Amino acid sequence: MSPAPAVISVSPHPDDEIVGAGATLLELRDAGWRVVNLACSLGRPPDRIRRRAELVEACRIARFELVIAPGMPPIGSGDDLAVAQTALSTAITDLRRQSGAQLIVGPSPHDGHHGHEVVGRAIRDAVEAGGEPLDVMFWGLWSDLPVPNVLVEFGAARLHELQDALGAHARELARNRLDRLVESRATANALLGAERVFGFGLPGAQCEYAELLTLVSWRPERGWRLPRSRSFDPSSPTAEGEGPDIGWWLHAPSVRSSLRRE
């Protein structure tokens, strides 16, 4: 019997494992994938014990495996993000080799939040350094994806499951109602997603909720490519065929970081 395929969810902060692309990960889990959540940080030092406990509970509810990044390099706005990027790239590379993951899910390198963007760049670097074909699904939270090409449709039962796992992060929800965000963003994606993914002027999706992702494929001989647009199929989520070059976007300077330097 062949082992279950693995997907690595790379989460900048506790709760991103649910807020980022939680429905997609739950769909993969239900299709027989191992979901391995790599937590890149546990927030500010005074909150780390509490946030670790919340994260453990959230992953238990979601039935995700949990790995804490070794050393947890700080990813705050005043930290050395170049050092963090290198350390996280190594952690992602090591976990990918240990797990045999065929897919990585994580934040876009242009997600508008310094901690999310450094994680997105670390994912990019780890895939390139690995030298093997691999696919990545990028999600957007603080900034919209410019070219979503995957529509993940889901219903009320899946939303309830997301909210149940997210509820483990009780203190964070008290600070900011991310549960409201998960539902409202999924509602907006159901209304706009079909046109954003497949073309403007087309009929809207016939679903209650949706997530949008940008699937990119890395092949050593041809670099980063943007595969054709698709509805998500958890039994076959990886890229097929070639598409236009998208490496220029993945390597483009962060707008936020460029403005901070000025």
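Residue numbers run from 1 in the order of the sequence given. Only a predicted model underlies this, so the values are computations on that prediction, with no experimental measurement involved.
Listed for the Trp33 side chain is a donor-acceptor partner under 3.5 Å among the backbone atoms of Pro234. Distance alone, capped at 3.5 Å, is enough to place a donor-acceptor pair between the Thr214 side chain and the Val147 backbone. Between the side chain of Arg96 and the main chain of Ala101, a donor-acceptor pair closer than 3.5 Å is present. With hydrogens and angles ignored, the 3.5 Å screen pairs a side-chain donor or acceptor of Asp80 with a backbone N or O of Ala82. A donor-acceptor pair under 3.5 Å is absent between the side-chain atoms of Arg51 and the main chain of Leu42, judged by distance alone. Without hydrogens or angle criteria, Glu211 side chain to Ala23 main chain gives a donor-acceptor distance under 3.5 Å. Listed for the Asp111 side chain is a donor-acceptor partner under 3.5 Å among the backbone atoms of Trp142. Looking at Glu153, its side chain never comes within 3.5 Å of a backbone N or O of Ala210 through a donor-acceptor pair. Not a single donor-acceptor pair under 3.5 Å links the side chain of Asp125 to the backbone N or O of Ala122. At distances below 3.5 Å, not a single donor-acceptor pair connects side-chain atoms of Arg228 with backbone N or O atoms of Gly243.
Contact annotation: the side chain of Phe138 never approaches that of Pro107 to less than 4.5 Å [non-hydrogen atoms, C-beta and beyond]. Leu212 has its side chain out of reach of Val152: every pair of non-hydrogen atoms, C-beta onward, lies at least 4.5 Å apart. Put simply, the side chain of Arg34 does not reach to within 4.5 Å of the side chain of Leu28, judged on heavy atoms. Looking only at side-chain heavy atoms (C-beta outward), Val36 and Ser9 stay at 4.5 Å or farther from each other. Using a 4.5 Å heavy-atom cutoff, the side chains of Val10 and Ile92 are in contact. Proximity of Phe154 to Leu159: side-chain heavy atoms (C-beta onward) are separated by under 4.5 Å at one or more points.
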Checking Asn37 against Ser11 for the side-chain hydrogen bond (donor to acceptor under 3.5 Å, both in side chains) test, could you report, in this order, the C-alpha distance in whole Å, the side-chain angles of both residues, the deciding distance, and whether it holds? CA-CA 7 Å; Asn37 182 56; Ser11 301; 2.6 Å; yes
Given salt bridge (Lys or Arg N to Asp or Glu O under 4.0 Å), test Arg222 with Asp245 step by step and report yes or no. CA-CA 9 Å; Arg222 65 179 189 266; Asp245 172 57; over 6 Å; no
Between Trp224 and Glu128, does a side-chain hydrogen bond (donor to acceptor under 3.5 Å, both in side chains) hold up when you go through it step by step? CA-CA 9 Å; Trp224 291 101; Glu128 292 179 356; 2.7 Å; yes
Just do the salt bridge (Lys or Arg N to Asp or Glu O under 4.0 Å) check on Glu172 and Arg50 with the steps written out, would you? CA-CA 10 Å; Glu172 289 306 297; Arg50 184 259 302 173; 3.2 Å; yes
Intermediate values then yes/no, side chain to side chain contact (heavy atoms under 4.5 Å, CB included), Arg52 and Ile68: CA-CA 9 Å; Arg52 182 186 183 113; Ile68 307 292; 3.9 Å; yes
Applying salt bridge (Lys or Arg N to Asp or Glu O under 4.0 Å), run through Arg225 and Asp135 and close with a yes or a no. CA-CA 10 Å; Arg225 298 287 173 165; Asp135 294 337; over 6 Å; no
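Heavy atoms of other residues, nucleotides or ligands lying less than 6.0 angstrom from CG of Leu202 number more than 12. Other residues, nucleotides and ligands contribute over 12 non-hydrogen atoms within 6.0 Å of the CZ atom of Arg219. In this structure, Arg171 places its CZ atom where only 12 or fewer heavy-atom neighbours from other residues, nucleotides or ligands lie under 6.0 Å away. Heavy atoms of other residues, nucleotides or ligands lying less than 6.0 angstrom from CZ of Arg29 number more than 12.
Val35 and Val182 fall within the same hydrophobic cluster, where Ile, Leu, Val, Met, Phe, Trp and Tyr residues are linked whenever their side-chain heavy atoms come under 4.5 Å apart, directly or through other members. Leu226 and Leu215 are members of different hydrophobic clusters when ILVMFWY side chains are connected at heavy-atom separations under 4.5 Å.
A perpendicular orientation is assigned to the rings of His116 and Trp139, their planes being inclined by more than 60° (bins at 30° and 60°). Between His113 and His13, the angle of the ring planes goes over 60°, which puts this pair in the perpendicular group of the 30/60° scheme.
Between Asp30 and Arg158, at least one side-chain N (NZ, or NE/NH1/NH2) sits under 4.0 Å from a carboxylate O, which counts as a salt bridge.
With sequence neighbours left out, the salt bridge (Lys or Arg N to Asp or Glu O under 4.0 Å) criterion links Arg60 to Glu57.
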